Amino acid sequence: MLDIQLLRTQLDAVAARLATRGTVLDVEGFKVLEEQRKQLQTRTQDLQAKRNSLSKQIGILKGKGEDVAPVMAEVASLGDQLKADEDSLAQLLTRFNAFVAVIPNLPHASVPLGDDERGNVEVLRWGTPKAFDFAVKDHVDLGSALGGLDFETATKISGSRFTLMQGAIARLHRALAQFMLDTHTTEHGYREVYAPYLVNPDSMFGTGQLPKFEEDLFMVPRSDGTKLYLIPTAEVPVTNIVRDQIVAAERLPLKFVCHTPCFRSEAGSYGKDTRGMIRQHQFDKVELVQLVRPEQSWDALEQLTGHAEAILQMLGLPYRKMALCTGDMGFSSAKTYDLEVWLPAQNTYREISSCSNFEAFQARRMQARFRNDAGKPELLHTLNGSGLAVGRTLVAVLENYQNADGSVTVPAVLRGYMGNLERISAA
RNA sequence: GGAAGCGUGGCCGAGCGGUUUAAGGCACCGGUCUUGAAAACCGGCGACGUCGCAAGGCGUCCGUGAGUUCGAAUCUCACCGCUUCCGCCA
C-alpha cells in the first residue's frame, strides 16, 4: 500500500510515476473521495467530542446529586445525527481503503522505463552455454526416456499442469532443494523456516496477492464460511511472520529461507508453456525473505540477488540477470531483478528467480514495524527472491547436463545428496 | 468434538458502568550523584487517525464484530485465538 499522505500531498507526482508502469490512477476520483472523507470525518469527530464532554458532565453532576435531565436531553439530540455520520464515515473509509489497496507500488528511480518484458535491461551474463555436438533433447524427452518424468499419469491423477516424478529424477529434485537450503543457511546466513501452505486472507492481503489477484490463487472454502488460500509462494507465510509486530531493532535484519510447494491457478495463461514442467499448478521453490531497516533495503536487494546467483554458479548453469522495467514489474515491487537460466532445448534464457525490494509497501499493509533509534515504531522494508525455483532448476540441470546417449550427468555439488551418483541413465 | 478458564500498551499486570486522563512494575530515554559505570533517587515515556503554518487540539483503540446506555476495558450476544481436562487421531 502506498502512504496515504503521499497521495494527498503529491497526487500528480504519484500518478506520473504510476503511469510509467502502465497504471492509470483515477486522480479525480481520489480527490472526490478525499474531499468527502475530510468533511465527514471532521464533522463526526466534532460530534463525538461534544457527546463525550456532555456525558462527562452528567457523571460529574450525578456525583454532586444535581439534576441531569437538561444535559441528558441535549446529548440525546445529538444521537441520530452522530450515528448517521458514523455509519456513513465507516462506509466511506471502506471505499477509500478499497481504492488505495489496488494501487501498485511506485517504481524506484533506478528502474528502467518500459511497457513490457521487451523493456527489461540485461545487467550481467554469467557462464557460457555449452556447445553440444549432438541434437539436444528437452527435459520432457530426457525425463520420460529416463523413466522419471511422467506428465500423462499426473494428468490422469490431477489434470493438466501437474508433474509426476519418480526414481533418480525425483531424488535429483529433492537434492536440489536440500542443496539450496543448506547453502543459504550455512553460507548466506538465513534461518530455515517451515511454514503453513494454507494461509488466511489477511496474510494474502499483507503481501499484496489480495484483493487484486484472487483469480491467480487456489482457494479452499471452509465449513464455517471462512476461506484459506494455497500459497503461491513461501513469500506469503514467511513475510507475514512479522505482520502486526514491532520487531526489536537489534534483531534486524531478519533473513529467512523456506522450501515449500507453490500453487498457482495460472488463469489467463492458456496455451502458454503447455509442454513440460515450466509452468505448473504445483511446483517447489526455495524462497529467500529479508526484513530490514529502510536504509539497508537497497544493499539487501543486491545481496539477496547474489545469494540466488550463487546457486546457479555452483550448479554451473549459465544465466543472465535482468532488471525488470517499469511495465513488467509485479504489483508490490519497487524494483525487481529476474535471473534467467539458459535452456539449450529452447535456445534461450528462461526465468528461474525473481528478486524484489518492496520497500514499505508490504510492511504498510501488514503493519510490520521496528522501533527506530528515536524509539518510534517505523515500517520495515521487505524483500524476497527465489533461491531458486526448484522445478525449473531441475529442467535446467537435465537439459544442460545431458549427454549424447540420453543420460544426464549429476552436477558435482549435488552428488553428496545423491549417494555419490555421477550419472542418471535409463534403468 | 465436549467442559472449564483466559485474551488490557514493547513485555508483565491491576481495573469489572461515570474525576480512567488505563494503576503498578519491567524495559527504554533524560537528569542528579560518581573519575567512569552500577545502584539509588528525580523526571519522561502507548499506537493509529485527523485538524492545524505551528504550539497544540480532537477522535478511535483494552482479541474481533454486533448490541444495551447520555456514557462501556467494565454489561449482553456471536465469532476468533490461547491454556487446562476429557474424547478422537498421523
Side-chain angles (χ1 to χ4, degrees), chain A residues 1-11 30-31 33-101 194 196-206 220-229 237 240-252 254 291 293 360 363-380:
Chain A
M1 217 152 56
L2 295 181
D3 183 356
I4 293 174
Q5 293 305 334
L6 195 66
L7 283 166
R8 291 198 181 115
T9 56
Q10 302 182 46
L11 187 58
F30 180 83
K31 282 182 180 166
L33 270 179
E34 168 63 6
E35 188 49 47
Q36 290 176 349
R37 192 226 95 231
K38 191 165 179 167
Q39 201 192 334
L40 191 52
Q41 185 162 7
T42 310
R43 195 170 74 195
T44 306
Q45 292 187 354
D46 283 350
L47 281 174
Q48 287 172 328
K50 201 170 286 176
R51 178 207 56 200
N52 288 348
S53 79
L54 288 176
S55 291
K56 195 165 181 174
Q57 260 187 56
I58 292 174
I60 294 168
L61 289 176
K62 269 194 165 176
K64 292 184 193 161
E66 292 177 23
D67 180 23
V68 296
V71 188
M72 293 262 274
E74 192 182 350
V75 75
S77 72
L78 299 175
D80 289 346
Q81 184 64 52
L82 179 57
K83 185 143 184 54
D85 279 2
E86 281 177 340
D87 286 349
S88 29
L89 179 62
Q91 274 182 36
L92 187 65
L93 288 179
T94 301
R95 273 205 288 154
F96 193 89
N97 291 335
F99 182 97
V100 178
Y194 173 87
Y197 303 161
L198 287 161
V199 301
N200 60 34
D202 284 347
S203 294
M204 285 294 185
F205 180 86
V220 181
R222 295 211 284 180
S223 54
D224 64 2
T226 63
K227 310 166 167 183
L228 291 174
Y229 294 91
N240 273 279
I241 288 173
V242 293
R243 173 153 55 87
D244 294 323
Q245 268 211 304
I246 299 175
V247 181
E250 54 271 23
R251 288 180 60 208
L252 299 175
L254 289 169
L291 309 160
R293 301 175 70 113
R364 190 171 290 109
R365 296 168 86 92
M366 291 191 296
Q367 282 304 297
R369 296 170 291 172
F370 72 105
R371 205 166 283 284
N372 65 19
D373 297 337
K376 290 292 169 192
E378 183 176 343
L379 293 170
L380 290 165

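Every chain is numbered from 1 and lettered A, B, ... according to where its sequence line falls, protein lines coming before strand lines. Values in this document were obtained by computation on a predicted structure and should not be read as measured data.
Considering only residues two or more places apart in sequence or on other chains, A:Arg364 meets the side chain to side chain donor-acceptor pair (under 3.5 Å) condition with none of them. Under the rule for a side chain to side chain donor-acceptor pair (under 3.5 Å), A:Asn97 has no partner lying at least two apart in sequence or in another chain. Listed by chain and residue number, A:Val32, A:Leu33, A:Leu92, A:Arg95 satisfy the side-chain contact (heavy atoms from CB on, under 4.5 Å) test with A:Gln36 (two or more places apart in sequence, or in another chain). Among residues two or more places apart in sequence or in another chain, the side chain to side chain donor-acceptor pair (under 3.5 Å) test is passed with A:Glu34 by A:Arg8, A:Arg37. Residues satisfying the side chain to side chain donor-acceptor pair (under 3.5 Å) test with A:Arg222, not counting sequence neighbours, are A:Thr226.
Using atom P as the reference point in both B:rC29 and B:rG71, the two lie 43 Å apart (nearest Å). Remark: the separation of the C1' atoms in B:rG10 and B:rA4 is 31 Å, to the nearest Å. A gap of 25 Å separates the P atoms of B:rC53 and B:rG46, to the nearest Å. B:rU34 and B:rG24 have their P atoms separated by 30 Å, with the value rounded to a whole Å. Atom name P, nucleotides B:rG9 and B:rA23: the rounded distance is 13 Å, in whole Å. For the C1' atoms, the distance linking B:rA73 with B:rG63 amounts to 12 Å, nearest Å. With P as the reference atom, B:rA39 and B:rC26 are 11 Å apart, rounded to whole Å. Spacing between B:rG49 and B:rU68 at atom P, rounded to whole Å, works out to 30 Å.
A side-chain N or O of A:Asn200 and one of A:Ser203 form a donor-acceptor pair less than 3.5 Å apart.
A straight line from CD of A:Glu74 to C1' of B:rG71 spans 15 Å, rounded to a whole angstrom. What separates CD of A:Glu250 from C1' of B:rG10 is a distance of 11 Å, to the nearest Å. Taking atom CZ of A:Arg43 as the reference point, atom P of B:rU50 lies 18 Å away to the nearest angstrom. Counting to the nearest Å, the P atom of B:rG49 and the CD atom of A:Gln41 are 11 Å from each other. At whole-Å resolution of the value, CD in A:Glu35 and P in B:rU50 are 14 Å apart. Look at CZ on A:Arg369: it is 9 Å from P on B:rA47, rounded to the nearest Å. A:Phe96 places its CZ atom 12 Å from the C1' atom of B:rG49, with the value rounded to the nearest Å. Between A:Ile246 atom CD1 and B:rC11 atom C1' the separation is 12 Å, expressed in whole Å.
A donor-acceptor pair under 3.5 Å is formed between the side chain of A:Arg365 and the backbone N or O of A:Phe205.
Evaluation of the salt bridge (Lys or Arg N to Asp or Glu O under 4.0 Å) test over residues 40-60 of chain A, restricted to residues two or more places apart or in two chains, returns A:Arg43-A:Asp85. Within the structure, every pair that satisfies the ring pair (Phe, Tyr, Trp, His ring centres under 6.0 Å) test and touches residues 60-98 of chain A, not counting sequence neighbours, is listed here: A:Phe30-A:Phe96.
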What does the B/S/- profile of nucleotides 51-70 of chain B look like, 5' to 3', with a 4.0 Å heavy-atom cutoff to protein? SS-----BSS---------B

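For A:Gln39, the CD atom sits in a loose shell: 12 or fewer heavy atoms of surrounding residues, nucleotides or ligands are nearer than 6.0 Å.
Looking at RNA chain B, the stems built from 3 or more consecutive Watson-Crick or G-U wobble pairs, each pair with its key distances under 3.5 Å, are B:1-7 with B:80-86, B:10-12 with B:24-26, B:28-32 with B:40-44, B:46-51 with B:56-61, B:63-67 with B:75-79.
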